[in-house]
Amino acid sequence: MRSFGYAEAENAQGLAAALGKGYRIKAGGIDLLDMMKERIDKSERIVSITGMTELRGIKERDGGVAIGALTTLNEIARDETLRKAFPALPDTVCNAATPQVREVATIAGNILQRPRCWFFRQAEYNCLRKSGQACYAVAGDNTYHSIYPMGACHITHPSNIAPALVAVGAQIIASDGKNPKSYDIRDFFLTPEQDLKRENKLPQNEFITEIFLPKMPEKSAYVEVKEKQSFDWPLAACVATYADKKWSIILAHVAPVPLRATLAENVVGEKADIDENLALQAAEAAVKTAQPMAYNGFRVHLAKAVVRRALLKACGKDFHA
Ligand SMILES: Cc1cc2nc3c(=O)[nH]c(=O)nc-3n(C[C@H](O)[C@H](O)[C@H](O)COP(=O)(O)OP(=O)(O)OC[C@H]3O[C@@H](n4cnc5c(N)ncnc54)[C@H](O)[C@@H]3O)c2cc1C
């Protein structure tokens with residue numbers, strides 16, 4: 001690992017000043033330090049924000065719930081308000097990574113973590129996302145790559161929690177030290193077609209202060225499929241929520257962004273209670289536009305399974321068959 005400058009921010013003004021000097025934010029540091037050790041992230045100055053206690057905690061506010069940027073995955077997994085009002089959200093993180101990682105990893109760091117593509121994560125491969133000329137997943141082993149093409153790079157979005165936030169239309173509240181900014185999470189993430197080098201719209205001089213969930217859904221469920229139960233990212237996952245006579249069906253880990261399955265949402269329409277047959281039709285619609293590569297066709301079947309299961313689970317039905 002290269003040597004780097006280190007500072008600790010005590011408040012928003014101090015953090016904004018550090019960002020102005022080119023410092024990069026370290027929250028839990030799980031992803032950032034990994035990227036630095038692999039020499040993919042070449043940051044020369046790091047500013048830790050773990051002392052900014054005002055960025056921690058989960059509070060009910062204005063009919064919704066505000067989650068501070070530094071709230072850890074375990075704090076979300078254990079939160080009683082979320083468990084009752086929006087169980088899919090804590091479910092997305094209660095098995096993510098490992099208990100030790102969840103104790104340190106934060107919600108903001110989680111949604112901003114860089115892609116897990118094994119070509120991107122190795123310094124030896126100068127891929128498109130690192131200013132190279134090729135996406136090595138096209139001709140190489142693309143087992144874990146996107147099954148929904150969205151440009152020349154075939155990453156999948158690695159965050160478990162982002163799809164639940166997209167499902168309820170969360171607002172990302174950010175700051176440049178002077179003014180608060182708000183981003184609608186539904187168009188916060190960038191596809192490779194929109195930008196090959198960045199995965200979201202947050203500019204370098206801004207930091208996330210909280211994630212605001214404006215309204216809790218009436219029904220919600222999260223279902224994932226993994227190769228192993230710990231120390232791993234899912235192969236496919238789905239969050240389904242129902243509110244105001246509308247379903248949100250968001251697929252995760254199969255596309256470069258958390259993917260809204262609009263064809264599936266059209267199939268279920270306003271129906272609050274979904275039976276096995278309708279869940280299956282919705283699942284088939286969700287994968288209609290999938291275009292798998294040479295080695296990841298099996299994940300189309302997994303995507304279909306998680307949509308069907310999430311809809312049935314949200315309706316309190318057995319989904320294992
Ligand atoms: C073995 C293993 C398994 C894992 N499995 C999963 C999994 O199944 N699902 C999953 O979702 N994740 C998984 N992860 C990833 C892990 O959850 C993320 O790396 C972690 O959540 C990142 O959070 P952090 O606080 O450590 O972020 P950091 O590493 O500190 O930061 C990540 C990025 O976010 C930026 N950042 C952080 N906070 C802010 C802020 N407030 N404002 C602006 N920028 C900010 C940093 O500058 C950096 O670019 C796994 C990790 C490991 C090691």
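One-based numbering, in listed order, for ligands and for the atoms of each.
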task: Identify the residue among Arg121, Lys26, Arg114 that makes a salt bridge (charged side-chain N to carboxylate O under 4.0 Å, His left out) with Asp31.
output: Arg121
query: More than 12 foreign heavy atoms under 6.0 Å from CD of Glu10: is that the case here?
result: no
message: Are the side chains of Val166 and Arg260 in contact, using a 4.5 Å heavy-atom criterion?
response: no
message: Heavy-atom contacts with ligand 1 below 4.0 Å: which residues, ordered by chain and residue number?
response: Arg24, Ile25, Lys26, Ala27, Gly28, Gly29, Ile30, Asp31, Leu32, Ile49, Ala69, Leu73, Ala96, Ala97, Ala105, Thr106, Ala108, Gly109, Asn110, Leu112, Gln113, Pro158, Ser159, Asn160, Leu202, Phe207, Ile208, Phe231, Asp232, Trp233, Pro234
Qualifying ring pair (Phe, Tyr, Trp, His ring centres under 6.0 Å) pairs with a residue from residues 154-180, counting only residues at least two apart or across chains: His157-Phe189
message: Using only atom types and a distance under 3.5 Å, with no angle test, would you say the side chain of Arg308 pairs donor to acceptor with the backbone of Leu280?
response: no
message: Under 6.0 Å between ring centres: does that hold for Phe120 and His145?
response: no
